[in-house]
Amino acid sequence: MPKEGHYINRSNWLRAAVLGANDGIVSSASLLVGVSSAGMVHGNVILTGLAGLTAGALSMAAGEYVSVSAQADVEEADLERERVALIEDPDYELSELAEGLESRGVESDLALEVATQLTDHDALGAHAREELGMFGLAGQANPLQAAGASALAFALGGGLPLLAALLAPAGSRGISVAIVAVLALVALGGGGAHLGGAPRWPAIRRVVVWGTLAMAVTAFVGHAFGVLA
């Protein structure tokens, strides 16, 4: 393992946080840019932004909790099947574990010896790792952690465009929101990549491109409806 360690243990909460923050920035900014382009008065713009921020954060929390809970249910069901299989047919399970090690380059006799030692030490844990890719019998899915990280990140991300809309002059509200959103996306892409030990520029590029596209389309729709109204 590298001296600085690995970052894969952060993947669950980091994925949820980046998703939540990105969704908060893009959806809030797009909503605010859209209604501003349609000519909505200042008070209604802020009210719309607050409603979108509240609904979005709660929706992200609920969605993450439900989806990650489903993942946790699948993991627990697979673990239970392994528990039953180890009781009902331990010889087959030992052979299966040895074959898995052998397929990864371990010599046949050594694979059986290692599989036997792993089984004697922690049979269920060994099968969880080798067959299911799970490290720890509780699995890798944490619904509350994912829900909390996503909701908090959405609120923080979405709060920045809303603050820009609140403080910007009426004539430049839309462009001010867009600029703040792009800067926030740059920070999000770079920060998320840094926390995950990944290259920064590809992460920054993809969040800025997609976020800008979303705001541009929503601004066009809002302007079109404003003209028609």
- Query: By side-chain hydrogen bond (donor to acceptor under 3.5 Å, both in side chains), which residues pair with Glu80, not counting sequence neighbours?
  - Reply: Arg83
- Sorted by chain and residue number, the side-chain hydrogen bond (donor to acceptor under 3.5 Å, both in side chains) partners of Asp78 (sequence neighbours excluded) come out as Arg81
Connected via hydrophobic side-chain network under 4.5 Å: [X] and [Y]:
| X | Y | value |
| --- | --- | --- |
| Val182 | Val180 | no |
| Leu124 | Leu118 | no |
| Val186 | Val26 | yes |
| Val208 | Ile25 | yes |
| Met215 | Leu166 | no |

Can you give me the closest heavy-atom contact between [X] and [Y], atom names plus distance?
| X | Y | answer |
| --- | --- | --- |
| Ala21 | Leu188 | CB-CD1, 3.7 Å |
| Ala57 | Ala151 | O-CB, 3.6 Å |
| Ala165 | His42 | O-CE1, 3.4 Å |
| Ala128 | Leu79 | CB-CD2, 3.8 Å |
| Ala126 | Leu97 | CB-CD2, 4.0 Å |
| Ala193 | Pro199 | CB-O, 3.4 Å |

Quick check for you: to the nearest 0.5 Å, what is the distance between [X] atom [atom1] and [Y] atom [atom2]?
| X | Y | atom1 | atom2 | answer |
| --- | --- | --- | --- | --- |
| Asp122 | Arg129 | CG | CZ | 6.0 Å |
| Leu160 | Leu183 | CG | CG | 10.0 Å |
| Glu64 | Gln145 | CD | CD | 10.5 Å |
| Asn22 | Arg206 | CG | CZ | 10.0 Å |
| His127 | Thr119 | NE2 | OG1 | 5.0 Å |
| Glu93 | Glu82 | CD | CD | 5.0 Å |

Quick check: does any side chain N or O of [X] sit under 3.5 Å from a backbone N or O of [Y], one acting as donor and the other as acceptor?
| X | Y | result |
| --- | --- | --- |
| Ser103 | Gly100 | yes |
| Thr54 | Leu50 | yes |
| Ser176 | Ser172 | yes |
| Ser150 | Ala146 | no |

- Go through Val33 and Ser37 one step at a time and tell me if the side-chain contact (heavy atoms from CB on, under 4.5 Å) criterion holds. CA-CA 6 Å; Val33 168; Ser37 298; 4.1 Å; yes
- Message: Here's a test for you: under side chain to side chain contact (heavy atoms under 4.5 Å, CB included), which of Leu53, Leu162, Leu32, Val35 qualifies with Thr48?
- Response: Val35
- Query: Just wondering, are more than 12 heavy atoms of other shown residues or ligands nearer than 6.0 Å to CG in Asp109?
  - Reply: no
- Item | side-chain contact (heavy atoms from CB on, under 4.5 Å) assessment of Phe154 paired with Ser59 | CA-CA 10 Å; Phe154 185 101; Ser59 176; over 6 Å; no
- Task: Decide side-chain contact (heavy atoms from CB on, under 4.5 Å) for Leu213 and Val209; before the verdict, give the C-alpha distance in whole Å, the side-chain angles of both, and the deciding distance to 0.1 Å.
- Result: CA-CA 6 Å; Leu213 178 62; Val209 167; 5.6 Å; no
